[in-house]
Number of protein chains: 2
Amino acid sequence: MIKKVIDNGKKGVRYNLVLNERAQLVLHSIIENYIQSSEPIGSRTLSKTIGITLSPATIRNIMSDLAELGYLIQNHTSAGRVPTDKAYRFYVNSLASPPSIPQQIKEKISQVSNEQGSQVEAILAEAVRMLAELTKFACVVSTPKAAVSRLQRIELIKISEDRILVILVTKAGVVRDKIIFTKDSQSQEFLNSVAEFLNDKFKNHSMQEIREEIHESMVDDRNRYHDLLAHAIRLGKKAFELNQPGEMLIDGQMNLLLDSHFHEQSSVRSLIDAFDQKSAIMKILDDSMKYKGVHIFIGIENDLKQLQGCSLITASYRNNQNVLGSIGVVGPTSMDYKRIISMVDYTAKILSKTITEQSYD
Amino acid sequence: MIKKVIDNGKKGVRYNLVLNERAQLVLHSIIENYIQSSEPIGSRTLSKTIGITLSPATIRNIMSDLAELGYLIQNHTSAGRVPTDKAYRFYVNSLASPPSIPQQIKEKISQVSNEQGSQVEAILAEAVRMLAELTKFACVVSTPKAAVSRLQRIELIKISEDRILVILVTKAGVVRDKIIFTKDSQSQEFLNSVAEFLNDKFKNHSMQEIREEIHESMVDDRNRYHDLLAHAIRLGKKAFELNQPGEMLIDGQMNLLLDSHFHEQSSVRSLIDAFDQKSAIMKILDDSMKYKGVHIFIGIENDLKQLQGCSLITASYRNNQNVLGSIGVVGPTSMDYKRIISMVDYTAKILSKTITEQSYD
DNA sequence: TATTAGCACTAACCCTCACTGAGTGCTAAT
DNA sequence: ATTAGCACTCAGTGAGGGTTAGTGCTAATA
């Protein structure tokens, strides 16, 4: 029996991993039906909606084989079948590069770039909000990695006897501020010199590099006797210390709770915890920065237990220089991949465009 | 019959609005029971838990009277009774000033002030997160009102030919940054003079005042011919324009969705919308800044439809100079008022203390 | 040999119905 | 003024039965 389905024409090869065309069509059809209805698909309904004419019995045979190969499961004997993660993986792999997207949606997403003149964070917040609204799922975006972002400008401002305000502007247009405390009060003029020194030395260097270079300077004893230098190093150390714990913006978590797929399951609680902790999801986003274009994590593929039953669709955004971060959608594994993929893809593109225009290169 | 309950001892006064002592005790007991169990309270169960010995029948009579006076309602004939908003109002009014609070909780909340050296926003974020975690409800906090906060320092930094970074530091320690675009490029030296001028003129003035003064200056024609002044006014206008739309931080919305009280009702959706819009809740928070100490809005008392079924417990926080904002908890009307009130109260106090230490006065 | 029709079987779902238990209001007794 | 007793209400539970959408298997058919 199995031979029928898996045999790709060549006799003798019994366990061919490639599905024959008809099996593929059936599987495809089951998945698309299930995405629409969220209900187990039976042989009869399928025989109606599927393009070619196949009797329910034939379809049953095929389905039985697909089940054996791990693409479908049955919740109980007399129920229709439901796609597994493996099936979704097959499905998204079979999709061509990001499907087209309605003009209307395009325009909506493009509004993100109206945030012109706002800072990067505001743009990201708007993008993630918009995406959550459109997809009706939870959306996340990682802010530009501090480590890789390059310095455009540092500014030191004395705001009281013992406090100095540090302003960092990166090439990507991110502004960070932080207050540092000092024991010995310096004049603003002196701080200006220090800032000028730091600007000269570190402009265009990445934060990571800067931290390393400062660390080296500290080890070098000679610097101790140079007043300006010594102060610059001490202040610089504190200033660049702002180890932004790689921020992440979230929107639309609520959508997940209201989504019927999760409503039933008791997994909601743990899903929320996952969002609260951020770190785990952050890690996945970071991961996805490696990939070009849209990347998809399906259910069990992400090793985070709480995200079983969820798929994550991500796309990285960038400026001229670097990949900066990643934006993504978290939804049930049975989400409408075509729709969501195209939206994520397009949003990331708009994001890249908008941020590139804002950058200082 | 009614006479019995409402008659406070004096015969003849038939509709006295003050409940006699026993009726008060019964009502009190019903409310506390209901807060614990979230289930309609019947006469028999009550007769067991209430301190004094009263037969179910007697209690039924009293309850019937309380219902007639609007303190209780019955969902259906054969069900126990449930407190109304009016009852909760009676209840919280009868509570003495904020009840004491376990040492353990105190210590937990006090951790908020460990955020020392962070900026005000980080402290607020931490406070609201903590409060959400402790109360298991949704929590909100309004950031210091831009309009009333006083200028400590303004800084103008040229970061590219057509962009100027504006940094505002308020007395309360809030740092705001914004990028403004200019057509004619100015040197950093010139910007420094402008900033100095603005600092001299506006230090310690509130944002609101500054905006007004700038507006007046613009009307005054003479200023047109003074180069520095003219630029200062133009740049100042843009800089102080950042009409921060009175920000608000939210945490723990999820808690509400998971709360059984809301889970049943279909009102969840609209409740979420209320949080998404922010503006309405913001208004309530602003309102609450008028009151000293803890203030409580019960169900129908806040005219926001979506918040029917919710109570809001707020307390304002301040520095030496001004009331800055308000922190609050949103939960079901049947929440444990004693517990929540004390937490909100204590959190606001810690918040005030921490922020006062950070302020520049 | 591949496909299909037919049949027996399953399990979820829905409806109804009777029973139970917590509650009430009223009346009469204390 | 309080309480005991009684009749009544209604949500909730669980059992029984019919319906429906599905399955697997076997035998007939193209």
Side-chain angles (χ1 to χ4, degrees), chain A residues 1-12 14 19-23 25-26 29-30 33-34 36-68 71-83 260 264, chain B residues 1-11 19-23 25-26 29-30 33-34 37-50 52-68 71-83 260 264:
Chain A
M1 267 310 201
I2 286 191
K3 209 175 103 226
K4 279 188 290 184
V5 167
I6 50 155
D7 184 340
N8 220 3
K10 304 176 191 169
K11 315 254 157 145
R14 297 206 76 207
L19 301 175
N20 71 29
E21 235 175 78
R22 208 178 53 182
L25 178 64
V26 168
S29 187
I30 290 174
N33 266 287
Y34 185 70
Q36 288 306 318
S37 68
S38 291
E39 269 166 22
I41 309 299
S43 53
R44 193 125 56 96
T45 32
L46 192 60
S47 93
K48 285 176 209 148
T49 59
I50 202 168
I52 56 178
T53 40
L54 278 179
S55 78
T58 313
I59 290 178
R60 273 206 289 284
N61 287 333
I62 300 172
M63 284 169 100
S64 165
D65 294 337
L66 287 171
E68 198 161 343
Y71 289 102
L72 299 175
I73 47 164
Q74 249 178 320
N75 285 321
H76 33 258
T77 332
S78 77
R81 292 200 169 79
V82 167
S260 52
E264 303 155 2
Chain B
M1 265 310 202
I2 285 191
K3 207 173 107 231
K4 279 188 292 186
V5 167
I6 51 158
D7 183 339
N8 220 3
K10 303 175 192 170
K11 314 256 158 139
L19 301 175
N20 72 29
E21 237 174 75
R22 206 178 54 181
L25 178 64
V26 169
S29 187
I30 290 174
N33 265 287
Y34 186 71
S37 68
S38 293
E39 269 166 21
I41 309 300
S43 54
R44 193 126 56 97
T45 33
L46 192 61
S47 93
K48 285 176 208 148
T49 59
I50 201 168
I52 57 178
T53 40
L54 277 180
S55 80
T58 314
I59 288 178
R60 273 206 288 284
N61 288 333
I62 300 173
M63 283 169 101
S64 163
D65 294 338
L66 288 170
E68 197 159 345
Y71 288 102
L72 301 174
I73 48 163
Q74 250 177 320
N75 285 322
H76 34 257
T77 331
S78 76
R81 291 197 170 81
V82 167
S260 52
E264 305 155 1

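To find a chain, count down the sequence lines: A is the first, B the second, and so on, and within it residues start at 1. Owing to the predicted nature of the structure, the values given are computational and were not obtained by experimental measurement.
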Undergrad: Between B:I50 (CD1) and D:dT2 (P), how many Å, whole number?
TA: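 Computing the B:I50:CD1 to D:dT2:P distance gives 13 Å.
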Undergrad: Taking only residues two or more places apart in sequence or in another chain, which ones pass side-chain hydrogen bond (donor to acceptor under 3.5 Å, both in side chains) with B:T77?
TA: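 B:T77 satisfies side-chain hydrogen bond (donor to acceptor under 3.5 Å, both in side chains) with no residue once adjacent residues are dropped.
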Undergrad: For B:Q74 and B:A79, indicate whether the former's side chain and the latter's backbone hold a donor-acceptor pair under 3.5 Å.
TA: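 It does hold such a pair.
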Undergrad: With sequence neighbours excluded, what pairs up with B:T49 under the side-chain hydrogen bond (donor to acceptor under 3.5 Å, both in side chains) test?
TA: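 Partners of B:T49 by the side-chain hydrogen bond (donor to acceptor under 3.5 Å, both in side chains) criterion, ordered by chain and then number, come out as B:N33.
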Undergrad: Can you sort out the partners of B:S55 under side-chain hydrogen bond (donor to acceptor under 3.5 Å, both in side chains), two or more places apart, ordered by chain and number?
TA: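 Expected list: B:T58.
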Undergrad: So which one's nearest nucleotide on DNA chain D is more toward 5', B:L54 or B:N75?
TA: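 The residue whose closest nucleotide sits nearer the 5' end is B:L54.
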Undergrad: Between A:H76 and C:dT10, is there a side-chain N or O to OP1/OP2 distance below 4.0 Å?
TA: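 Checking A:H76 against C:dT10: no side-chain N or O falls below 4.0 Å of OP1 or OP2.
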Undergrad: Listed by chain and number, what are the side-chain hydrogen bond (donor to acceptor under 3.5 Å, both in side chains) partners of B:S38, not counting sequence neighbours?
TA: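 Partners of B:S38 by the side-chain hydrogen bond (donor to acceptor under 3.5 Å, both in side chains) criterion, ordered by chain and then number, come out as B:H261.
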Undergrad: Can a side chain N or O of B:R22 be found less than 4.0 Å away from OP1 or OP2 on D:dT2?
TA: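 Yes, such a contact exists.
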Undergrad: Between atom CD1 of B:I30 and atom CG of B:L66, what is the distance when rounded to the nearest 0.5 Å?
TA: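 B:I30 atom CD1 to B:L66 atom CG measures 6.0 Å (nearest 0.5 Å).
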Undergrad: Using side chain to side chain contact (heavy atoms under 4.5 Å, CB included) as the criterion, list what pairs up with A:S47, not counting sequence neighbours.
TA: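 Checked A:S47 against side chain to side chain contact (heavy atoms under 4.5 Å, CB included); matches are A:P56, A:I59.
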Undergrad: Taking both distances under 3.5 Å as the test for a Watson-Crick or G-U pair, what stems of at least three pairs does DNA chain C have?
TA: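 For DNA chain C the paired stretches long enough to count as stems (3 pairs minimum) are C:1-30 with D:1-30.
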Undergrad: Under the side chain to side chain contact (heavy atoms under 4.5 Å, CB included) test, which residues partner B:L25, sequence neighbours left out?
TA: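 Listed in chain order: B:I50, B:I52.
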Undergrad: In whole angstrom, give the distance that lies between atom CD1 of A:I62 and atom C1' of D:dC25.
TA: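 Between C1' of D:dC25 and CD1 of A:I62: 17 Å.
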Undergrad: What is the separation between atom CD1 on A:I59 and atom P on C:dA5, rounded to the nearest whole Å?
TA: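 A:I59 atom CD1 is separated from C:dA5 atom P by 12 Å.
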Undergrad: Given atom CD of A:E68 and atom P of D:dT23, what is their separation to the nearest angstrom?
TA: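 So the two atoms are 16 Å apart, to the nearest Å.
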Undergrad: For nucleotides 19-25 of chain C, give me one character per nucleotide, 5' to 3': B if any protein heavy atom sits under 4.0 Å from the base, S if the only such contacts are to the sugar-phosphate, - if neither.
TA: ----SBB
